[in-house]
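Reviewing the structure listed below.
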Amino acid sequence: MKNTDLNLQQKKAVELIGGPILIFAGAGSGKTRVLTHKIAYLVEEVGLPSENILAVTFTNKAADEMKQRVQKLLDMDCSSMSVGTFHSISARILRREIHLLGYSNDFVIYDQDDSRALVKKMIGNLELDEKSFVPKSVQTQISNAKNKMISPEFMASTVEGFMDEKISEVYSEYQKALKQNNALDFDDLLLKPLEIFKDFPIRLEYYQNQFRYVLVDEYQDTNRPQFELVQALSKEHRDVCVVGDDDQSIYSWRGADVNNILNFVEIFGESQVIKLEQNYRSTKTILECAWAVVSKNSSRAEKKLWTENKQGDKLALFECSDERDESWKVLNTIRNEIVQGDYDFNDLVVLYRTNAQSRVIEDVLRKEGIPYEIIGGIKFYARKEVKDILAYLRIILNPSDGVSFDRIVNFPPRGIGKSTLKKIHNLAYENDYTYLRALGDFDYLSIGKKQKKTLHEFNQLIHKYRTSYKEEGAASITRDLLADIDLQAYYENQNSQEALERWSNVQELVNSIADFQENRNENSLREFLEEVSLLTDIDRWNVSDKAVTLMTIHSAKGLEFPIVIIIGLEEGLFPLGPQSYETEALEEERRLFYVAVTRAQEKVYLSYANARRRFGGIPSPTVQSRFISELPRELVNGNNIESYIKVKNISRNSYTPSASVSQQNTLFSIGDHVEHKLFGKGKILAVEGSGGNAKLTIVFSGNIRKKIIAKYAKLTQR
DNA sequence: CTTAAATACTTTTTT
DNA sequence: AGTATTTAAG
């Protein structure tokens, strides 16, 4: 193996073995290369069998890539090596071990929607008011508790006050219901292995031996259960290597604790620490800008990236009148880079803070025929029509799954309404068996003749597949099922574009199942459903597709692009939220901006709008993000797109800036920078009337908004 | 129980 | 503005 294409620090990181190792790897410092080489080194030089290596990555896609790269380095089959996300590795362990906790190995994994539906039901069961106990919020609180490893019992013993007491009850009931449904939510996936390791030390020992060397990528974004998993697995042999960058910690809202990396040495004992500070990705300009911003943060490990790359272009900043204007400027930028810059569509990415921002951009790109791909937002497998089919498959696999039962018992509509459903629930509850089982006892249900017949048929249908699913492939089961419930007719009879689209999504699902079957050795229904639950949009994304990518900054973690366009740089949007930021939240937003900028190899475009619509209402004025002013002035170009994007040859698509409020005969106009004797520097957001009588809405520093009559105000234009 | 119309809600970020 | 949920009419 050749470690010659590694720099000194990288080489050291690769060849250092024995005891805990912490690698601080800045953006673009080649950490994936270090990790893959290290794994190869472990196998080839240290002689560790590849199946004794556990490598944890942040996405399934990263896991696949890592495996590929190691295989290439070693030129041998590494399929027995454990590479995956914490969630997928845990799921794999649980398929073998969860019977120890009284679940069946056919458990299903509930996504956020499923889990919310269950929380909602528990709120109903406890006769709580959904107005005060909003399912979504209760779900978040339960998840937060789980991330802090607070059990329902512990929560119950510590809560004070009615609200918290009831939430703790919901939590407890929710956990019971999950078990009854033989289901796990995302948080359980991490917690259950820990439970097993604690209660059955012999199983822990087994996995400690199995995973003789443990590597973890993106360690700065691990939460408490993930940290405990790493610790449990490695505490005997202490052969553990974690890689991360505290400056890129952007998941604290999900329970990630940057202290896991900052206190690594303290926790794991005598360790080796290596810093990778040479960046191979970006231009000097980009790094200087990124550094200028992130160095404003207080609590960070000391390190500074440098590069031998060229100085590169300045960052470009666009001022836009609103989000519509912004999307046209994005379009022009893309066109310009394709035509003049000799770039391909897939060299560009548009990054934003919230998924909602993608729609406007998408509209323009679609209209103008620019190929694009949106990552995130409404995920394919989370679409209603897809989940309906998955619910059928899940209940075939796991008849205890009540959430799926509720979903499909009346889909497509077969005359089973709320009251009938309630009766089924009650019967199941009284006899302590599954909803599906209750259908066999419909003699005990006081329901109409028609309903009995329908339920009987539905029951027969599910049983038919329950007896045959093990022999048949997942794709053919699905095809048969669709025919049995005559779904095509259901959608086609609706005579709407929307219904047809839904039907085509269902067909795409069938294709993806067939695809899965062909490409996997393990191709049963169970494996497919597991894969689907843990798959994200980014895992489905094909880098080489010739299309511009649109995604959130969170999704862009770990990726790189020649050209990065960051939109929506406005106070309240990015940084997101009310201005009364606590330092910690603001610092995380700043790290997010750092992550966004450091995705770029060559060019960065930034944009902000002077007004933006929220929920499709009228545009409300906005102020430039503070992050813009934190960039070194001399490294940022322009304030107006016209000045450096030559709008030529594209007159067909030239836009007229969405006309804002009339500004004639006014001394002041929107966007002017002014100074007030009392309030200091400010910017005009709106002008009503004209001349000296004009009423000006001005935002002053500190986001203080004032309405001022022009002639009375002692304003100086700047 | 179903369908259509009114209404309420959405926008943090994701495994 | 677009989607999901609730309500009213049939």
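Lettering follows sequence order; numbering is per chain, from 1.
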### Query
Contact class for A:F86 vs. all strands (heavy atom < 4.0 Å): base, sugar-phosphate, or nothing?
nothing
### Query
Which part of the nucleic acid, if any, lies within reach of A:N355 when heavy atoms closer than 4.0 Å are counted: base, sugar-phosphate only, or nothing?
sugar-phosphate
### Message
Under 4.0 Å, counting only non-hydrogen atoms across every strand here, what does A:R591 touch: a base, just sugar-phosphate, or nothing?
### Response
nothing
### Task
Assess the side chains of A:Y174 and A:S115: does a donor N or O sit below 3.5 Å from an acceptor N or O?
yes
### Message
Once you measure the plane-to-plane angle for A:F627 and A:F574, does it fall in the parallel (<30°), tilted (30-60°) or perpendicular (>60°) bin?
### Response
perpendicular
### Query
Taking the six-membered ring of A:F405 as reference, does the NZ or CZ atom of A:R394 fall below 6.0 Å from its centre and within a 45° cone about the axis?
no
### Query
What nucleic acid atoms does A:T420 come within less than 4.0 Å of, heavy atoms only: base, sugar-phosphate, or nothing?
sugar-phosphate
### Message
Is the terminal nitrogen or CZ of A:R254 (NZ for Lys, CZ for Arg) located under 6.0 angstrom from the six-membered ring centre of A:Y251 and within 45° of that ring's axis?
### Response
yes
#### Entry: Range on DNA chain B touched by chain A - first to last nucleotide, heavy-atom distance under 4.0 Å
B:dC1 to B:dT15
### Task
List for me each residue that meets salt bridge (charged side-chain N to carboxylate O under 4.0 Å, His left out) alongside A:E218, sequence neighbours excluded, and say none if there are none.
A:K31, A:K557
### Query
Is the side chain of A:Q357 donor-acceptor paired with the backbone N or O of A:T354 at a distance under 3.5 Å, no angle test?
yes
### Message
Please classify the nucleic acid contact of A:S419 as base, sugar-phosphate, or nothing, using heavy-atom distances under 4.0 Å.
### Response
sugar-phosphate
### Task
State the CZ-CG distance between A:F516 and A:L529, to the nearest 0.5 angstrom.
9.0 Å
#### Entry: C1' gap between B:dT12 and C:dT5, integer Å
23 Å
### Task
Tell me, with the steps shown, if A:N410 and A:L421 meet side chain to side chain contact (heavy atoms under 4.5 Å, CB included).
CA-CA 9 Å; A:N410 195 36; A:L421 190 60; over 6 Å; no
List every contact pair, protein side and nucleotides 4-7 of chain C side both N or O, where the distance is under 3.5 Å.
none

### Query
If you pin A:R254 and A:K131 to their nearest nucleotides in DNA chain B, which one's is more 5'?
A:K131
### Task
Check every strand shown and say whether A:L190 touches a base, only sugar-phosphate, or nothing at a heavy-atom separation below 4.0 Å.
nothing
### Message
Under a 3.5 Å cutoff, is there a donor and acceptor pairing between the side chains of A:R590 and A:N297?
### Response
yes
### Message
Pick the closest DNA chain B nucleotide for A:D187 and for A:Q451 by heavy atoms, then say which residue is nearer the 5' end.
### Response
A:Q451
### Query
At under 4.0 Å between heavy atoms, what does A:T59 touch on the DNA or RNA strands: base, sugar-phosphate, or nothing?
nothing
### Query
Just how far, in rounded Å, is C1' of C:dG2 from CZ of A:R613?
14 Å
